[in-house]
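Below is one structure, written out as structure tokens; the observations come after it.
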Protein chains: 2
Amino acid sequence: MKNNSYKLTGQRIAVLEVLAENSGEHLNADVILQIVLSKGHRIGMATVYRTLTLLKRLKFITIIYLNDGCIRYKLSDPNSKYEHYYLICECCGNVLDIEGDLLDSLEKQLFLKNRFRVSNHRVKHFGICEKCMDEQY
Amino acid sequence: MKNNSYKLTGQRIAVLEVLAENSGEHLNADVILQIVLSKGHRIGMATVYRTLTLLKRLKFITIIYLNDGCIRYKLSDPNSKYEHYYLICECCGNVLDIEGDLLDSLEKQLFLKNRFRVSNHRVKHFGICEKCMDEQY
DNA sequence: CTTAGTGCAAAACATTTGCAAACCA
DNA sequence: TGGTTTGCAAATGTTTTGCACTAAG
């Protein structure tokens with residue numbers, strides 16, 4: 001798992017465990033810190049951030065930006081083609097992941113209309129623009 | 001324009017002017033401050049933020065989250081149904097607004113495939129979830 | 001006049017960094 | 001043992017707030 005020259009420390013295990021035990025949640029760094037501390041482990045906020053950065057680089061976790069003032073993290077789901085589709089409740093802030101097989105266009109519409117009242121959505125496409133493509137090649 | 005009991009101050013005019021003169025850009029608060037100052041106006045950062053908050057509330061401007069460490073703002077385009085679709089270049093950070101009439105499904109595909117190499121996208125649907133709907137009514 | 005609006009400085013907040021101490025391999 | 005990793009505290013960078021002063025209507 002971490003044979004890539006990274007050391008398997010107690011703190012890294014603890015952070016991964018918290019993410020695994022809350023795989024349905026979208027935790028932020030402070031919540032992760034509090035849970036690890038509540039389990040009796042010794043850890044600091046800097047280590048939490050450094051561990052999350054490492055796990056992100058290794059693609060173990062996915063970052064979720066809800067633009068609510070903090071960055072959120074969850075375990076990556078390698079089986080999902082739709083990691084970046086979310087339903088975000090403007091009332092309670094809860095975040096629902098959409099299942100991939102619900103997203104075939106019609107089913108997606110039905111799911112959205114029946115179980116979640118969409119009032120706004122944002123689509124962001126990340127990639128390389130024409131100008132940068134010209135400059136690179 | 002601001003007959004809603006809001007006062008038309010020099011600072012508010014200046015911020016609006018900067019946004020209008022850079023309508024193709026997605027400016028952050030610091031850039032707006034610097035431009036207003038460079039024009040010889042007297043203004044502080046707090047006023048910039050307070051003005052942007054007000055303009056947002058009045059729907060004069062739209063907020064853009066690029067998750068690059070700051071919040072960006074631009075003049076709202078009331079004619080566009082697609083205010084929340086963006087092409088974000090991962091190389092230069094440039095943000096392109098997609099024209100509404102390019103977004104009919106097939107044209108959208110063609111545009112994306114020919115002028116922008118998409119490597120990642122995020123879709124966020126904001127609304128009210130089932131649980132909150134049950135609690136409200 | 002009167003009160004909303006402003007500038008400044010300080011506070012708030014999430015995140016990052018420097019460095020000596022601790023620890024995994 | 002040696003180079004990573006850690007905790008702490010301080011630094012960072014953006015955004016917000018308190019308060020006395022200013023200015024729009």
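What you see is a predicted model, and the numbers here were worked out from it, not measured in a lab. Every chain is numbered from 1 and lettered A, B, ... according to where its sequence line falls, protein lines coming before strand lines.
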Take the protein atom CD of B/Gln11 and the nucleotide atom C1' of D/dA23, then report the distance between them rounded to whole Å.
9 Å

I want to check something: taking the side chain as every heavy atom from C-beta on, are A/Ile32 and A/Thr51 in contact at a cut-off of under 4.5 Å?
no

Nearest to the A/Ile43 side chain among C/dA14, C/dC24, D/dG7, which nucleotide is it?
D/dG7

Atom CG of B/Leu54 and atom C1' of D/dA24 are separated, to the nearest Å, by 15 Å

I need the NZ-C1' distance between A/Lys7 and D/dT1, as an integer number of Å.
10 Å

A/Arg12 side chain near D/dT5 phosphate (N/O to OP1/OP2, under 4.0 Å)
yes

Hey, is the side chain of B/Thr9 poking within less than 4.0 Å of OP1 or OP2 on C/dT6, counting only N and O atoms?
yes

B/Met45 CE to D/dT17 P, in whole Å, measures 15 Å

According to a strict under-4.0 Å criterion, is B/Ser5 in side-chain N/O contact with OP1 or OP2 of C/dA4?
no

CG of A/Leu52 versus P of C/dT15: gap in Å, rounded?
9 Å

Examine B/Ile71 and A/Leu66 and state if one hydrophobic cluster contains both, with Ile, Leu, Val, Met, Phe, Trp and Tyr joined whenever side-chain heavy atoms are less than 4.5 Å apart.
no

Measure from CG on A/Asn67 to C1' on C/dC13 and round the result to the nearest Å.
16 Å

State, with a plain yes or no, whether a side-chain heavy atom of B/Tyr86 is found less than 4.5 Å away from one of A/Arg122.
no

Quickly work out the B/Leu8 CG to D/dT22 C1' distance and round it to whole Å.
16 Å

When all nucleic acid strands are considered with a 4.0 Å heavy-atom cut-off, which category describes B/Gly10: base, sugar-phosphate, or nothing?
nothing

Could you tell me whether the side chain of B/Asp97 reaches within less than 4.5 Å of the side chain of B/His26, counting heavy atoms only?
yes

Protein-nucleotide distance (A/Arg50, atom CZ; C/dT17, atom P), rounded to Å:
10 Å

Taking the nucleotide of DNA chain D with the closest heavy atom to each, which residue, A/Arg42 or B/Asp30, is nearer the 5' end?
A/Arg42

Hey, which sits more toward the 5' end of DNA chain D by its nearest nucleotide, A/Thr47 or B/Tyr49?
A/Thr47

Does the side chain of B/Ile63 come within less than 4.5 Å of B/Tyr73's, by heavy atoms?
yes

